[in-house]
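These notes are about the structure you will find just below.
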Protein chains: 2
Amino acid sequence: MSGSVRRAMPSIEIVAKEAGVSTATAGRALGGYGSVSRKSREAVQAAAERLGYRPNSLARSMITGLTHTLGVLVPDIENPFFSRALRGIADAAHERGWEVLLVNTDEDLALERKALGVLAERRVDGLVVAPTDVADRDALQAVVDAGIPIVLLDRRVPGLDADTVGIDNRAAAKDATERLLKLGHRSVALLTGGDEKLRPKLSRPGLRGVERLAATTVGARAAGYRDALVEAGVEPRPELVSAEGFRREDAAAATRRLLALPDAPTAILALDSLLALGVLQALRGLGMRCPADVSLVAFDDADWAEAISPPLSVVAQPIYELGAEAGRLLLDRVQGSDKRFTHRRLPTRFIERESAASR
Amino acid sequence: MSGSVRRAMPSIEIVAKEAGVSTATAGRALGGYGSVSRKSREAVQAAAERLGYRPNSLARSMITGLTHTLGVLVPDIENPFFSRALRGIADAAHERGWEVLLVNTDEDLALERKALGVLAERRVDGLVVAPTDVADRDALQAVVDAGIPIVLLDRRVPGLDADTVGIDNRAAAKDATERLLKLGHRSVALLTGGDEKLRPKLSRPGLRGVERLAATTVGARAAGYRDALVEAGVEPRPELVSAEGFRREDAAAATRRLLALPDAPTAILALDSLLALGVLQALRGLGMRCPADVSLVAFDDADWAEAISPPLSVVAQPIYELGAEAGRLLLDRVQGSDKRFTHRRLPTRFIERESAASR
DNA sequence: TTGTATGCGTTATCAG
DNA sequence: CTGATAACGCATACAA
């Protein structure tokens, strides 16, 4: 016999009664506010213990106006980038006594809008969002106007009253491209993973106008890619820029198409690690070797990057820190900071391994 | 000028006043319960729209006794197994109008206990837990006794009143081991990833007694591994069973140790994909080739498994389905099901690729 | 130090 | 169909 089974949770009123004091005193004894005599406190604590009392945080939130909950909106929790960033956010939150309400938006604008509404109804104290599309500005701004601060992760939304955390995508892509150029490659392909909407914008002669896309991650990286080429006196060729989807199979197909081109690329820059996997898979299928036949550099230092043959050279983002910083920034706002909105760019690190070689 | 900026969220009382009706009527008009005249409804809806009204779900939960929130406790959200399972849980939840409150327990028992308390205080309607340790039975049972149903994911806790979802670890490990044996391997190592606590239990002559560990994932798989060996007439050698940590470096170190053994293993069964990465990395460092020198089979079909050279043969778990099923089972309980507790075992699939070859 | 009373924003009950 | 009013469980101002 290990204690009786309680079905319903006792309220503070029950505890108070059991301890022979008023609810106010019980509240003070348990909540640690106000002042209580030692005798009362002990009686209350004993009663609470006996009854298995747990304060109802809903009731508390109604009074205090704080739910101690952060909403997190990400496009795809399975993506290692976001699961690692989420970890950073969650750690930062827990450290200061907050919990995380997670919603997967699946890159779906309608779902994202609905989620924003739901999280607002739940009165989350703040929101970390990796928005699906810049087009969601109004829905996001509405949440901010309702008094819920937002921190944008990885992606920016021009004109939104929010802090943002990310990397300097343009500079990072430029740096990676320059390294490939320095290795003697003249025909460098860019695997963006973007979708159809992006394709026309990436196909202008000489990639003119990409800088106007710089608000998006893909756009900024494409701009950096072009910057490097132009500075090196290499004419950017739109047919070497692929935007055929972000799945591994998409990347494999894109790779096959690229390598079948006249004057085919001798190096590929992939904008994330899943795309790099597609490239590797296509190369295997084609019987080509990396880096002997094609050099490869990818964004994000996946856990497998160092273990495969050849080990992959990558542009490593401080993903965990990105998330943690977003969480901290948000909690600062929640706790009343009214500093100007900041746009934190964390440094990236190029990790040279063996997948990119000179030709 | 795009509408005025509201700082505080209006309550239903404000909306009612604006629409010229009572709060009760406003509530009915917005909540869709009871009956309201068309005229009132339209007036209320217009007012709500104008004021940007959002119902306060906290207040609603206080009344209805439902938070429409599922708590999810996982040891490590960065682990692809859990991030994919989480996706399944979240999808199942959203489908039925629930949200997910996520907590990372970091394989820390104290943290897990604390999280259980916090989630109980938040009055989550139910909990999906991948418990860190079987030892947490009492804390889990206390939550169940408080009226919050629990579904266990991936791991079991004997004696706990909860549904469980997972695979048949013993059978899956036995099958994988048998395949290695059929390829002619006689010296097969098992990389468990377990920690020090496990080591003594795995080092008895002939692996006797492992079946008593079968409640844990590692224990069950070790038992399956032994089953296969014994049935094939191969004496299990404890020194071929490693439990030196679940990080990649741990696996790499373990691999080096194993391969330095007299009568070294010619095949390795790794209990998750991160461990497999460690094996691969160690082999590269040793200048050994897979599968020519050492065959490798791992649990979990990581996204890179098919893309690397050689493509990895794996025991694939239906991870997403595991999560989704856990979510559905839990929601059934939340919505009043009082069927007997079920222990759902989903089928695994062996995917033969090229990392395991005959010798 | 303690107790009483009020309010947070809903839903639910019950007259009218 | 509508409105007043009582919960829900807690925190807090105020009085004792």
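Every chain is numbered from 1, with letters handed out A, B, ... down the list of sequences.
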Once you apply a heavy-atom cut-off of 4.0 Å, does A:Ser57 come out as touching a base, just sugar-phosphate, or nothing?
nothing
What's the closest nucleotide to the B:Ser22 side chain, out of C:dT2, C:dT11, D:dG3?
D:dG3
Between B:Thr69 and A:Arg122, a side-chain donor and acceptor under 3.5 Å
yes
Does A:Arg28 contact C:dG3 through a side-chain donor or acceptor facing the base, at a distance under 3.5 Å?
yes
Strictly by modelled atom types, are A:Arg345 and A:Thr164 linked by a side-chain donor-acceptor pair under 3.5 Å?
yes
Side chain of A:Ile12 only, please: which of D:dC10, D:dG3, C:dT4 is the nearest?
D:dC10
Would you mind classifying the nucleic acid contact of B:Arg41 as base, sugar-phosphate or nothing, using non-hydrogen atoms under 4.0 angstrom?
nothing
Just call it for A:Ser37: base, sugar-phosphate, or nothing, with non-hydrogen atoms closer than 4.0 Å on any strand.
sugar-phosphate
Ignoring hydrogens and angles, state whether a donor on the side chain of A:Glu121 or B:Asn56 is under 3.5 Å from an acceptor on the partner side chain.
no
Side chain of A:Ser40 (C-beta onward), nearest among C:dT2, C:dT11, C:dC8:
C:dT2
Could you check whether A:Ser61 gets within reach of a base, just the sugar-phosphate, or nothing at all, counting any heavy atom under 4.0 Å?
nothing
Quick check: on DNA chain D, is the nucleotide nearest B:Val36 upstream (toward 5') of the one nearest A:Leu58, or the reverse? Name the residue that is more 5'.
B:Val36
Proximity to the side chain of A:Ser11 - top-ranked nucleotide from D:dG9, C:dT10, D:dG3
D:dG9
Residue A:Ile63, side-chain heavy atoms: nucleotide from C:dG7, C:dT10, C:dG3 that is nearest
C:dG7
State which of C:dT1, C:dT11, C:dG3 makes the closest approach to the side chain of B:Thr64.
C:dT11
Of the options D:dT12, C:dG9, D:dC10, whose atoms approach the side-chain atoms of B:Asn56 most closely?
C:dG9
Indicate the atoms forming the closest heavy-atom contact of A:Leu111 with A:Asn104, along with that distance.
CD2-O, 4.3 Å
Distance in angstrom units between B:Arg122 CZ and D:dC10 P, rounded:
15 Å
